[in-house]
There are 2 protein chains.
Amino acid sequence: MSLRIGELAKVTGCQVVTIRYYEKEGLLHRPERTNANYRLYGEEDVERLKFIRRCRLHGMNLAEIRDLLAFKDNPTVSCAWINDLVERHIADVEAQIASLEHLKTHLEALRRTCDGENHQGCGIIDSLDHGTPCPYCETWDCRAAGSASRSGHTPKDS
Amino acid sequence: MSLRIGELAKVTGCQVVTIRYYEKEGLLHRPERTNANYRLYGEEDVERLKFIRRCRLHGMNLAEIRDLLAFKDNPTVSCAWINDLVERHIADVEAQIASLEHLKTHLEALRRTCDGENHQGCGIIDSLDHGTPCPYCETWDCRAAGSASRSGHTPKDS
DNA sequence: CGTAGTGTCTATAGCGACTATAGAGTCAAG
DNA sequence: CTTGACTCTATAGTCGCTATAGACACTACG
């Protein structure tokens with residue numbers, strides 16, 4: 001039961017290029033090759049890749065997944081740090097939610113400042129021009145990138 | 001009243017390198033220069049940069065901000081698209097929040113699967129190994145990057 | 001006058017997790 | 001023998017910065 005990379009992609013829902021990328025990053029082992037130099041994967045590889053994808057769905061980054069895989073391959077020490085990892089992720093996710101909730105209230109306030117008729121300039125542009133009424137946000141250390149803040153919502157040096 | 005780049009950075013809370021980056025990206029105009037080739041900024045530049053930063057805090061990306069600045073510089077057409085833009089951002093933020101809420105429930109379930117004592121292997125690793133009990137997430141099209149999903153939480157090809 | 005410290009300049013590379021592209025080789029079916 | 005689908009490697013691009021290197025400018029101090 002050997003799969004080529006396209007078949008592995010299909011059964012795991014992962015892109016072919018991403019599989020090669022994971023190999024390059026050391027998350028997946030280097031698989032056997034056919035005579036034509038095609039990669040050949042077995043059941044273990046399928047499970048390993050599924051594990052990786054599940055971790056990604058849980059918001060873990062590749063470095064964390066590398067650590068988890070290393071532990072899985074060789075569970076010598078206590079797994080307490082894995083609990084800590086999950087705890088940190090929960091806290092991080094909570095912070096992101098709070099940040100996004102706050103952003104949402106701002107965007108909703110912004111939307112209400114213009115009726116889209118442009119008879120007297122755009123109310124949204126005006127609001128953006130004159131700052132927000134929220135004292136918290138004036139110093140909001142938000143490094144949002146289209147997807148809003150990662151760093152949370154901490155006021156900085158007032 | 002002319003500011004050098006470091007002073008502009010200070011009054012706007014923006015990094016010096018970021019200011020230069022915005023100039024390169026065409027968001028800020030090319031400023032005057034001193035004899036020593038130092039950039040010199042005026043009041044207008046301060047306001048323009050503050051506008052940009054406010055937009056970033058509202059989760060807008062640089063392309064969107066470029067459009068907003070172009071409109072501000074030359075508000076000829078209807079501003080209805082700005083309303084649409086804000087609406088889209090609100091929808092996007094809502095989707096992200098929903099996705100993160102869902103992720104949070106998963107992480108909390110995950111945390112409960114291990115007591116950190118490692119007497120019989122790690123429960124968290126086991127859970128990650130065997131998939132999640134949530135049928136929704138099995139096909140979760142989540143492109144999470146540490147900061148969780150951007151693309152939302154849409155089941156794909158069941 | 002020299003020098004130390006700070007600020008500025010340009011150009012280039014790195015981050016993370018992919019994604020896209022180019023150009024070549026492999027293989028089965030018609 | 002050609003077509004098309006698949007695979008290979010290597011490299012560059014995405015986004016919004018951030019970091020680094022090496023050079024120049026300016027002020028203060030001795």
Side-chain angles (χ1 to χ4, degrees), chain A residues 2-28 30-41 45 49 52-67 69 89 92 141-151, chain B residues 2-28 30-41 49 52-67 69 92 141-151:
Chain A
S2 285
L3 305 177
R4 288 194 305 181
I5 196 168
E7 296 163 324
L8 178 61
K10 205 162 285 172
V11 301
T12 58
C14 188
Q15 299 253 71
V16 166
V17 279
T18 304
I19 295 173
R20 285 197 282 249
Y21 173 71
Y22 287 162
E23 180 185 330
K24 206 179 62 175
E25 292 298 305
L27 299 183
L28 290 176
R30 295 201 181 167
E32 301 178 76
R33 300 284 186 134
T34 66
N35 291 342
N37 202 32
Y38 287 8
R39 289 171 179 81
L40 275 189
Y41 297 97
D45 300 302
L49 182 51
I52 293 170
R53 293 310 291 173
R54 269 182 219 116
C55 289
R56 294 291 295 121
L57 294 183
H58 284 87
M60 291 167 196
N61 64 33
L62 299 196
E64 290 165 340
I65 297 172
R66 227 187 315 264
D67 290 345
L69 287 168
H89 273 276
D92 188 45
D141 178 15
C142 167
R143 305 198 291 143
S147 69
S149 147
R150 298 209 32 157
S151 58
Chain B
S2 284
L3 305 177
R4 290 195 302 182
I5 197 167
E7 296 162 324
L8 177 62
K10 205 162 285 172
V11 301
T12 58
C14 187
Q15 298 255 70
V16 166
V17 279
T18 304
I19 295 172
R20 286 198 280 249
Y21 173 71
Y22 287 162
E23 181 186 328
K24 206 178 64 173
E25 292 298 304
L27 299 183
L28 290 176
R30 295 199 183 169
E32 300 179 75
R33 300 282 187 135
T34 67
N35 291 341
N37 201 33
Y38 287 9
R39 290 170 178 82
L40 276 188
Y41 297 97
L49 181 52
I52 293 170
R53 295 309 292 172
R54 271 183 218 115
C55 288
R56 294 290 296 121
L57 294 183
H58 284 88
M60 291 167 195
N61 64 32
L62 299 196
E64 290 165 340
I65 297 172
R66 226 186 317 263
D67 291 344
L69 287 167
D92 188 44
D141 178 16
C142 167
R143 305 197 292 141
S147 70
S149 147
R150 297 209 31 163
S151 58

J.: Distance check needed: C:dT8 P versus B:Glu32 CD, whole Å only.
T.: 16 Å
J.: Considering only C:dC18, C:dT19, C:dT26, which nucleotide approaches the side chain of A:Tyr38 most closely?
T.: C:dT26
J.: Let's see if you can work this out: which of C:dC9, C:dC27, C:dA17 has an atom nearest to the side-chain heavy atoms of A:Tyr21?
T.: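 In terms of side-chain proximity for A:Tyr21, the closest of C:dC9, C:dC27, C:dA17 is C:dA17.
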J.: Using only atom types and a distance under 3.5 Å, with no angle test, would you say the side chain of A:Thr18 pairs donor to acceptor with the backbone of A:Cys14?
T.: no
J.: So what does B:Arg39 touch, heavy atoms closer than 4.0 Å: a base, only the sugar-phosphate, or nothing?
T.: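 Sugar-phosphate only.
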J.: The side chain of B:Tyr22 lies closest to which of these nucleotides: D:dC17, C:dC9, D:dT9?
T.: D:dC17
J.: What's the closest nucleotide to the A:Leu62 side chain, out of C:dC18, C:dC9, D:dG16?
T.: C:dC18
J.: Would you indicate which nucleotide in C:dC9, C:dT26, D:dT7 comes nearest to any side-chain atom of B:Arg33?
T.: C:dC9
J.: Any idea which of D:dC17, C:dT19, D:dG16 is nearest the A:Val17 side chain?
T.: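 Closest of the options to the side chain of A:Val17: C:dT19.
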J.: So if I take every side-chain heavy atom of B:Arg53 and compare against D:dC8, D:dC17, C:dC18, which nucleotide ends up nearest?
T.: D:dC17
J.: Describe the nucleic acid contact of A:Gln15 in one word from base, sugar-phosphate, nothing, applying a heavy-atom distance below 4.0 Å.
T.: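 Sugar-phosphate: the residue A:Gln15, judged by heavy atoms under 4.0 Å, touches backbone atoms but no base.
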J.: In whole Å, what is the span from the CG atom of A:Leu8 to the C1' atom of D:dC6?
T.: 15 Å
J.: Rounded to whole Å, how long is the line connecting atom CG of B:Leu49 with atom C1' of D:dG16?
T.: 14 Å
J.: Is the distance from OP1 or OP2 of D:dT18 to the nearest side-chain N or O of B:Arg20 less than 4.0 Å?
T.: no
J.: Is B:Glu23 salt-bridged to B:Arg39, cutoff N-O under 4.0 Å?
T.: yes
J.: Can you identify which nucleotide, out of C:dC9, D:dA25, D:dC8, has its nearest atom closest to the A:Asn37 side chain?
T.: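 Of C:dC9, D:dA25, D:dC8, D:dC8 is nearest to the side chain of A:Asn37.
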J.: Could you tell me how far apart A:Lys24 (NZ) and C:dC18 (P) are, to the nearest whole angstrom?
T.: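 Atom-to-atom, A:Lys24 to C:dC18, this comes out as 12 Å.
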J.: Over how many whole Å does the gap from A:Leu40 atom CG to D:dC8 atom C1' extend?
T.: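 About 13 Å, once rounded to whole Å.
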J.: Counting just side-chain N and O atoms, does A:Thr18 come under 4.0 Å of either OP1 or OP2 of C:dA17?
T.: no
J.: Between C:dT19, D:dG16, C:dT8, which nucleotide has the shortest distance from any of its atoms to the side chain of B:Asn61?
T.: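 Of the options given, the side chain of B:Asn61 lies nearest D:dG16.
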J.: Measure the distance from CD on A:Glu23 to P on D:dA10 and round it to the nearest whole Å.
T.: 12 Å
J.: Take the protein atom CZ of A:Arg4 and the nucleotide atom P of C:dG25, then report the distance between them rounded to whole Å.
T.: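 Taking atom P of C:dG25 as the reference, CZ of A:Arg4 is at 18 Å.
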J.: CZ of B:Arg66 versus P of D:dG16: gap in Å, rounded?
T.: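 Taking CZ of B:Arg66 and P of D:dG16, I get 9 Å after rounding.
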J.: I'd like to know whether CZ of A:Arg30 has more than 12 heavy-atom contacts from other residues, nucleotides or ligands below 6.0 angstrom.
T.: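 Open: at most 12 neighbouring heavy atoms sit under 6.0 Å from CZ of A:Arg30.
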J.: Could you check B:Tyr38 against B:Glu32 for side-chain contact (heavy atoms from CB on, under 4.5 Å), going step by step and ending with a plain yes or no?
T.: CA-CA 8 Å; B:Tyr38 287 9; B:Glu32 300 179 75; over 6 Å; no
J.: Let me know, please, whether A:Glu7 or B:Thr34 comes out on the 5' side of the other along DNA chain D by nearest nucleotide.
T.: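 In this pair, the answer is A:Glu7.
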J.: A:Tyr41 versus A:Leu49: any side-chain heavy-atom pair under 4.5 Å?
T.: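 Counting from C-beta outward, A:Tyr41 and A:Leu49 never come under 4.5 Å.
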J.: Between the main-chain N or O of B:Lys24 and the side-chain N or O of B:Arg20, is there a donor-acceptor pair closer than 3.5 Å?
T.: no
